[in-house]
Amino acid sequence: MPMSKSSAQYSQYPQHHPHDHGRPLHRRPAAAAAAIALPLPATDDAYTIVHAGKQVRFGPVVFWIVVGTVVLLGLWSAATATYFAFRDDVLTRLIARQAEMQYAYEDRIAELRAKVDRTTSRQLLDQEQFDQKLDQIMKRQTALESRATALGAMPDVTGSIPRSTPQRGESGQSTTQGTPKPSPISDTVIFVAPPDREARLESRAPAVMAPQANQFAKNQGFDNVLVRLTTSLDQVERRQMAALSAVEEGMDSRMRRMRGVVSDLGLNLASLEAAVPRTAMGGPFVPVKLTANAGPFEKQLNRINVSRAEMDRLNRTLALVPYRKPVIGEVEFTSGFGVRSDPFLGRPAMHTGLDFRAATGDPVRVTANGKVISAGWSGGYGRMIEVDHGNGLATRYGHLSEINVKVGEVVKIGQVVGLVGSTGRSTGPHLHYETRIDGEAVDPQKFLRAGVRLSAG
């Protein structure tokens, strides 16, 4: 279907080629002639499409619209073909990119979740450790409070004689010279177990400063508080142990002195213990034992309790030994034990005791536990009292102006048995004091020096 542009000139006759000269002229078939375009009216801008003897004329605008449409369709087809050709690759890349981003987000979320889990676990562990430390501190505080109570309740470690009701010549206040009279029987030093005043746990600071156990330990401040509390409790514990050690050392030192005194006096400790009168006491035998988890404080406290029981036994034994002073005030002898010039005859004579300077009516106290075996007039002694302390020990108190006990009466250390006087063979008011072992007079100063040793530090 040829398309051509119309021309103003069309030949009505067939055209002859130059090489056709001499050839016979043949007529074309009618069908072929029908295909020959007939001359049309001439136009300058028309386009003609000829097909099967039919002609279709187009204007230039329509022609270019058709051409443009064809071109656009071609371009669209090319673009579509290109899109479908590369679509799978683009989609694959987009899906891969999206998957990569999703995986990255999931990894980040997993990392954050793991971090949160680690933080939570660490916080829970810190909380558990904090609670454990706080619980240990509270338990330790309770233990230290019980220790402080045990120290405060510990009885005085002493063998001293309680001061009786003031008698004539005795006063608990200062004298007119301002010098208080000492105890008539300065036999022992009182070892008081210090209750450790600091053992109040810094005014119970852990109970006030410690936070609630269920509070979360969010920062280092709680650890600092626990460290300070632990340090404070350590200091309290050290002071308690130091106080306990001081008590134990004091007990051990005193028991050594007590045994040394008995040995220096030439007395038999077993015999003295056997002579101690039994008081009314009893109960089932329960052996002393420590728990398996006993600490140093409990062990040391147990040793102190054992030592205290031993000291009580020694105190009861030494209560039968007359090493105390029989009169109030500082010792002032007017005559010692041994050979002296007789005050009446002026000749050498044996003095079997000590003469203590005193005023008439001053109280005379018994120097050890015992029983009165003589109370009355006895020759040169005048009014005299003799007390049997057991195990061959006895004491005599002569020249009394008054006797306050009777034969057979049991007397205790420091008890007033009479008043100073000048009866019998005496040149003035004083107390004649004797100590005897198995009936033989011995120097009372030996016993008094033993009392001074027991009273030392």
Below 3.5 Å, can you tabulate the donor-acceptor pairs from side chains in residues 99-120 to any protein atom, sequence neighbours excluded?
residue : atom : partner : partner atom : Å
Q102    : NE2  : E106    : OE2          : 3.2
T119    : OG1  : K115    : O            : 2.8
T120    : OG1  : V116    : O            : 2.7

Between [X] (side chain) and [Y] (backbone), is there a donor-acceptor pair under 3.5 Å?
| X | Y | answer |
| --- | --- | --- |
| H389 | A394 | no |
| N302 | E298 | no |
| Q415 | K412 | yes |
| N268 | S271 | yes |
| S263 | R259 | no |
| S253 | E249 | no |

To check you understand the geometry: which heavy-atom pair defines the closest contact between [X] and [Y], and what is its length?
| X | Y | value |
| --- | --- | --- |
| L318 | Y323 | O-CE2, 3.5 Å |
| R308 | M251 | CB-CE, 3.7 Å |
| A368 | A319 | CB-O, 3.3 Å |
| A450 | V261 | CB-CG1, 3.4 Å |

Legend entry - Pairwise side-chain contact, D362 with I328, heavy-atom cut-off 4.5 Å (strictly under):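 Not touching, per the 4.5 Å side-chain cut-off.
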
Inset, instruction - Hey, can you tell me if Y433 and Y397 have their rings parallel, tilted or perpendicular (30° and 60° cut-offs)? - result: tilted

About how many Å separate [atom2] of [Y] and [atom1] of [X], when rounded to the nearest 0.5 Å?
| X | Y | atom1 | atom2 | result |
| --- | --- | --- | --- | --- |
| R365 | R324 | CZ | CZ | 13.0 Å |
| L320 | N369 | CG | CG | 6.0 Å |
| I437 | N391 | CD1 | CG | 9.5 Å |
| F356 | E332 | CZ | CD | 11.0 Å |
| R257 | L454 | CZ | CG | 7.0 Å |
| I304 | D252 | CD1 | CG | 8.5 Å |

Legend entry - Residue pair R303 / S307, side-chain donor-acceptor N/O under 3.5 Å: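 The criterion, which ignores hydrogens and geometry beyond distance, is not satisfied for S307 and R303.
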
Inset, instruction - Could you verify whether a donor N or O on one side chain and an acceptor N or O on the other, from T395 and E434, lie under 3.5 Å apart? - result: no

Inset, instruction - Not counting sequence neighbours, which residues clear salt bridge (Lys or Arg N to Asp or Glu O under 4.0 Å) with R238? List them please. - result: none

Legend entry - side chain to side chain contact (heavy atoms under 4.5 Å, CB included), paired with T317, selected from L267, V276, V262: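 With T317 as partner, side chain to side chain contact (heavy atoms under 4.5 Å, CB included) holds for just one option, V276.
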
Inset, instruction - From the options V372, N404, I385, select the one residue that forms a side chain to side chain contact (heavy atoms under 4.5 Å, CB included) with V411. - result: V372

Inset, instruction - With sequence neighbours excluded, give me every salt bridge (charged side-chain N to carboxylate O under 4.0 Å, His left out) pair touching residues 261-272. - result: D264-R453

